[in-house]
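Working notes for the structure below.
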Amino acid sequence: MAEYVFMLGRDFQLSILEIASYFSARNIAYKIKAFDSKVALISFNEEIDCTRTIKKLGGTIKIAKLIASVDDIKLPDMDKIKYSIADIGSARKNEVIIKLKKRFKENGSKAYLKDSVNGLSPSDFFRHNIFKTGFELILYKEHLALTRAVFNPSGYEARDKRPYLEREKLTSIRLAKILVNLSHVKENEKLLDPFCGVATILQEALLMGIEAIGMDVDKKTLYHANKNLTWLRNKYKFKANFLLVNKDARSASSYIEKVDGIATEPYLGPYLRRLPELKEAKRTALGLARLYNDSLKEFHATLKPKGKVAIIIPKFKTKEQVPVRINFEGIARQNKFLIYKPFKGISMPVLYSPKGTKLAREIYILEKV
Ligand SMILES: C[S@@+](CC[C@H](N)C(=O)[O-])C[C@H]1O[C@@H](n2cnc3c(N)ncnc32)[C@H](O)[C@@H]1O
């Protein structure tokens, strides 16, 4: 058995659902033994490839492997060692520091503690080249874990320089990646984004080795999507194929062969420059409910048996402070989908509402029945 601490990004519930979906989709047995808003303690039957895993997850910041004691740390062969300690609800920090100092002394090395409560930020981790020059320990409850892989933000920064970003409707790279994983689609399978916009979700799928199909009703947007994916292919030389179709999502099954899963941030209503009034939000929600109903009917026809849909649904904030929701559970049931929970400890939908946004979002995973 091998145990790991996964350090979670913001929206920890989404991160946990993503981890559960990622390993279930690949038939890798795992057990989430404990979690809180910062970390999850997960056990596996065998060791996992931390570097490969962190590249595929959007909601995990670090993966650290449990060790029995500080004696299990292989000190780098350097005069000056840099190290960091993330203390997450543990009472062991002082004890650990004393033991470490003893080891540094025995080893004849000078060591510098780069301190911060949650450990080094990913950018500091790479700036200090910690994997070469030192190590990071994560203390969680009574456990000691050694950081094995860290999310590298430079990849996202490079991809955010793609030719076309339609900012008013763009999905973030992080969320796009999470949605791909929530759809349970894996390497060499086929994923559809029926409202693909400029192809952020498709892009993340392709980089994971997934065949990607996109639809968008807007011709210019689809042209931009094509330019983006061509740019991506030249830059990253991935092997998976993509197909873009300039059609309405409500006609998906007429144009698209069967797919393994769907991941999408659909049309969420007109772009909001200010909070809408209650009656305005209700009107928009009614129109969207119809669009989602007609789309889900088509998704059902386009998916393979047991295929899953990872989808974002808007939840409107209003001037009157009364939230407006769409009865999406009802729409799903009517179209022969069940709400799918890869991990029972997190309830669905998961709310996604970064500070300052005028529109909250609810994230669902559905399974075709
Ligand atoms: C929220 S955006 C998608 C953003 C996308 N994930 C990205 O990162 O660019 C929704 C997209 O749905 C498209 N759209 C709206 N109604 C549609 C429909 N009925 N069928 C297909 N696409 C539609 C819009 O043109 C828009 O590009």
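Basis for what follows: all heavy atoms, side chains included, without hydrogens, waters or symmetry-related copies. Just so we're clear, the structure is a prediction, and the values are computed from it rather than from any experiment. Counting convention: from 1, in listed order, for ligands and their atoms alike.
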Return a yes/no value for [X]: is any of its N or O atoms, backbone included, closer than 3.5 angstrom to an N or O of ligand 1?
X    : value
I201 : no
V217 : yes
T200 : yes

* Think R26 forms a cation-pi with Y22, using NZ or CZ under 6.0 Å from the six-ring centre and within 45 degrees of its axis? -> yes
* Should the pair K227 and Y164 be classed as cation-pi, given the thresholds of under 6.0 Å to the six-membered ring centre and 45° from the axis? -> no
With atoms numbered from 1 as shown, which atoms in ligand 1 lie under 4.0 angstrom from a non-hydrogen atom of [X]?
X    : value
A249 : 18 (C), 20 (N), 21 (C)
L170 : 8 (O), 9 (O)
G197 : 5 (C), 9 (O), 27 (O)
D218 : 25 (O)
C196 : 5 (C), 6 (N), 7 (C), 9 (O)
P194 : 21 (C), 22 (N)

What protein heavy atom is closest to [atom], reported as residue, atom name and distance in Å?
atom                    : result
atom 4 (C) of ligand 1  : K169 O, 3.0 Å
atom 27 (O) of ligand 1 : D216 OD2, 2.7 Å
atom 15 (C) of ligand 1 : Y267 CB, 3.6 Å
atom 19 (N) of ligand 1 : D248 OD1, 3.1 Å
atom 6 (N) of ligand 1  : T171 OG1, 2.7 Å
atom 18 (C) of ligand 1 : F195 CE2, 3.6 Å
atom 9 (O) of ligand 1  : V198 N, 2.8 Å

Salt bridge check, [Y] against [X]: does any charged N sit closer than 4.0 Å to a carboxylate O?
X    : Y    : result
K169 : E265 : no
E106 : K102 : yes
E280 : R274 : yes
R273 : E168 : yes
E367 : K308 : yes
K141 : D36  : no

Per-residue contact class, [X] against ligand 1 - non-hydrogen pairs under 4.0 Å:
X    : value
A176 : neither
A225 : neither
R250 : side chain
S295 : neither

* To do: Take F299 and F337, measure what ring pair (Phe, Tyr, Trp, His ring centres under 6.0 Å) needs, and give me the verdict at the end.
  => CA-CA 10 Å; F299 296 178; F337 282 101; 7.5 Å; no
* To do: Report yes or no: does E265 have a heavy atom closer than 4.0 Å to ligand 1?
  => yes
* Asked: Judged by non-hydrogen atoms, does T221 sit under 4.0 Å from ligand 1?
  -> yes
* Asked: Between Y83 and F135, how do the two ring planes meet: parallel, tilted or perpendicular, split at 30° and 60°?
  -> parallel
* To do: Measure from the ring center of F35 to the ring center of F343 and say whether it is less than 6.0 Å.
  => yes
* Ignoring hydrogens and angles, state whether a donor on the side chain of K56 or N181 is under 3.5 Å from an acceptor on the partner side chain. => no
* Any side-chain donor paired with an acceptor under 3.5 Å for T200 and R162? -> yes
